[in-house]
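Reviewing the structure listed below.
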Amino acid sequence: MKQHLSQLLSSAVDSLQAQGILPQDAPVQINLDRTRDRRHGDFASNLAMVLCKLAGSKPRDLAERIVAALPASQHVRKVEIAGPGFINFFLAPLAYHSTVAQVLEQGEAYGRSNIGQGKSVQVEFVSANPTGPLHVGHGRGAAYGATVADLLDAVGFKVHREYYVNDAGRQMDILAASVYLRYLDLCGEQLTFPSNGYKGDYVWDIGASLHRKHGDALRHSAAEVFDGVPADEPAGGDKELHIDALIERTKQLLGPTHYREAFDLGLNSILDNIRRDLEEFGVRYDEWFSERSLTENGSVERAIERLKTSGHTYEKDGALWFRSTDYGDEKDRVIVRDNGQTTYFASDIAYHMNKLERGYHRVIDVWGADHHGYVPRVKAALAALGDDTDRLDVLLVQFAVLYRGGQKVQMSTRSGEFVTLRELRQEVGNDAARFFYVLRKCEQHMDFDLDLAKSESSDNPIYYIQYAHARIASVLRQLQEKGLQWDPAQGARHLDRLTESHEDALLVSLSRYPEVLETAALQHEPHLMAHFLRDVANELHTYYNAHQFLVEDAALRNARLNLVMATRQIIANGLKVLGVSAPDSM
RNA sequence: GUCCCGGUAGCUCAGUCGGAUAGAGCAACGGCCUUCUAAGCCGUGGGUCGGGGGUUCGAAUCCCUCCCGGGGCGCCA
């Protein structure tokens, strides 16, 4: 509908240009918005105010000329000029009746579009280190990333969902050493666990798996393991030096094969857990991309060579630096350490190079807001490689803070005292978790109220929306109990019987759905859909309370059923995009 | 210190590319169950859009500046 009106305006501008009232070469962008106030019609355009200078006339005068030049449309009831020069469109009932017909006819497909024209978009999200279970912070990235991906899919992009697995690097070595130490403990060795090790219970479980498989075969005495290892922090030493030395001892004592086994056992069991967790959360991926593969297939080396060749690197203090300051970063960054190891950043350059080489039209990274300082250097690297940095969008997701009983829930990853995504899902359910996570735009700090998410009342927006859907299903059941049938054809013929203000409000909302979907997708703002659904649910409940649907008058009854069934479809479609179920009863 | 995010009703937040009288939910207050689900609905009150300047037909929105809150600033990942 918006597109239709836009064309009318565009056509009017064309004829004014032909008449010489507007200059031929003027760039004309048609602005058309939903009005905030129904008294201003359905849509309003500020076109006359924008163009009045070019035309050399007063806004209202120009508006009159534009209105006079508008082609007739059966969807437009009247056009008014108001205020400083707004052109207000009032739609004919027919425009809304055709929306109901479209919703019922297209069903799940209603609202989907081809704005993306099949262009490929890669969305990388979550990508948490496989050193422990996902926590509630990752949950927000998961829900947000999955929904952005689904939204883009719904408007016609070809979406590739990807998880970057950090299966290399020091953190994973710390995990491997932690697993081995827990294994030794299970063998009966008395040892003090490093303060910087991973202390979660899951590490015990992995150590136990290692023990089940090998018995005491990999056992070394605690004295031997800690021989020559500098003191840990609580003992007055440095926790980093302590853990690094323990990693080295673990590698020496286990040898490459068994070390890799302990390492992979940790990696795989945690990754399996993460996969299952996300799967249960309704979050699916097309690809799990291994960081290690970038080193093994030479991509990291190749990326470094390309930077060297293009003259953006230099050596200092035995390390290789990337001169990211050339591209606006605040300082240069090390890509190869003085010990010859490449940094995480080097892998990330290779990974982003790889993404762009795969030919995606756009690449979206969903990161935690704590990585924001990282954006300039990654963009700098892509620029130095000669790539178009505009193809990369980095969406930063702020942290979520849980509240229970009005109190902040304390969390700390290293100590093992954190709320996992699984715990959250079990506590409030998948639907509430998915919904609450996308209720705020991503850059907004979020207070996640656990009590509210669990509550079975209208205070809880997800309950409220799902209940609207269930309520309509319930109406259909009542219809059957009365021995009646819904006759959509009769309903369609009598949509003009829908004259109540509640009906009008619902009709407008149904027609807004495609616009909301499009905006939410293109702006990467799922919260727009969440808020829209709440509005629709509110209109449905209000309507339900004010009017009986199952009236004697068959024509009116079926017209109303067409409307509420279309409403049910809209709610179902919107919830689906958000990864939330639409139950028929509650 | 610097960079990012935020500051809108008592609370949690919307507010599209600058647009008309700044909205919603909760909370508060007052109503509504002989009704397709009261798991709900209707109504009322509530605002220095953090402060101050600027840009213009028009600013919560854009620019400058200051204040407050949260976070980031490793040869960690």
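Quick note on labels: first sequence line is chain A, next is B, and so on, each numbered from 1.
- Pairs engaging residues 324-347 of chain A under the salt bridge (Lys or Arg N to Asp or Glu O under 4.0 Å) rule: A:R323-A:D326, A:D329-A:R333 [sequence neighbours left out].
- Partners of A:D167 by salt bridge (Lys or Arg N to Asp or Glu O under 4.0 Å), not counting sequence neighbours: none found.
- Taking A:R497 as the reference, A:D553 meet the salt bridge (Lys or Arg N to Asp or Glu O under 4.0 Å) condition, with sequence neighbours excluded.
- For the segment residues 556-571 of chain A, no residue has any heavy atom less than 4.0 angstrom from an atom of RNA chain B.
- Applying the 4.0 Å criterion to OP1 and OP2 of B:U37, one finds that A:S474 has a side-chain N or O inside that range.
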All N/O contacts under 3.5 Å from nucleotides 25-29 of chain B to the protein, with atom names and distances to one decimal?
none

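- With sequence neighbours excluded, the residues satisfying salt bridge (Lys or Arg N to Asp or Glu O under 4.0 Å) with A:D393 are A:R362.
- Annotation: side chain to side chain contact (heavy atoms under 4.5 Å, CB included) contacts of A:A63 (sequence neighbours excluded): A:A48, A:I81, A:I87.
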### Message
One character per nucleotide, please: for nucleotides 70-77 of chain B, 5' to 3', B when the base has a protein heavy atom closer than 4.0 Å, S when only the sugar-phosphate does, - otherwise.
### Response
SBSS-BSB
Which donor-acceptor pairs under 3.5 Å do the side chains of residues 513-520 of chain A make with protein atoms, sequence neighbours left out?
from: A:E515; atom 1: OE1; to: A:R34; atom 2: NE; distance (Å): 3.0
from: A:E515; atom 1: OE2; to: A:R34; atom 2: NH2; distance (Å): 2.8
from: A:T519; atom 1: OG1; to: A:E515; atom 2: O; distance (Å): 2.9

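- Remark: A:H527 is in phosphate contact with B:G15, judged by side-chain N or O atoms under 4.0 Å from OP1 or OP2.
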Polar-atom pairs under 3.5 Å, protein N or O versus N or O of nucleotides 57-61 of chain B: list them with distances, or write none.
from: B:C57; atom 1: OP1; to: A:K53; atom 2: NZ; distance (Å): 3.3

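- OP1 or OP2 of B:A14 has at least one side-chain nitrogen or oxygen of A:Q444 nearer than 4.0 Å.
- Under the ring-ring contact (aromatic ring centres under 6.0 Å, His included) criterion, A:W288 pairs with A:Y163, A:Y285, sequence neighbours left out.
- Sorted pairs that involve residues 431-443 of chain A and meet salt bridge (Lys or Arg N to Asp or Glu O under 4.0 Å), not counting sequence neighbours, are lacking altogether.
- Applying the 4.0 Å criterion to OP1 and OP2 of B:A38, one finds that A:Y464 has every side-chain N and O outside that range.
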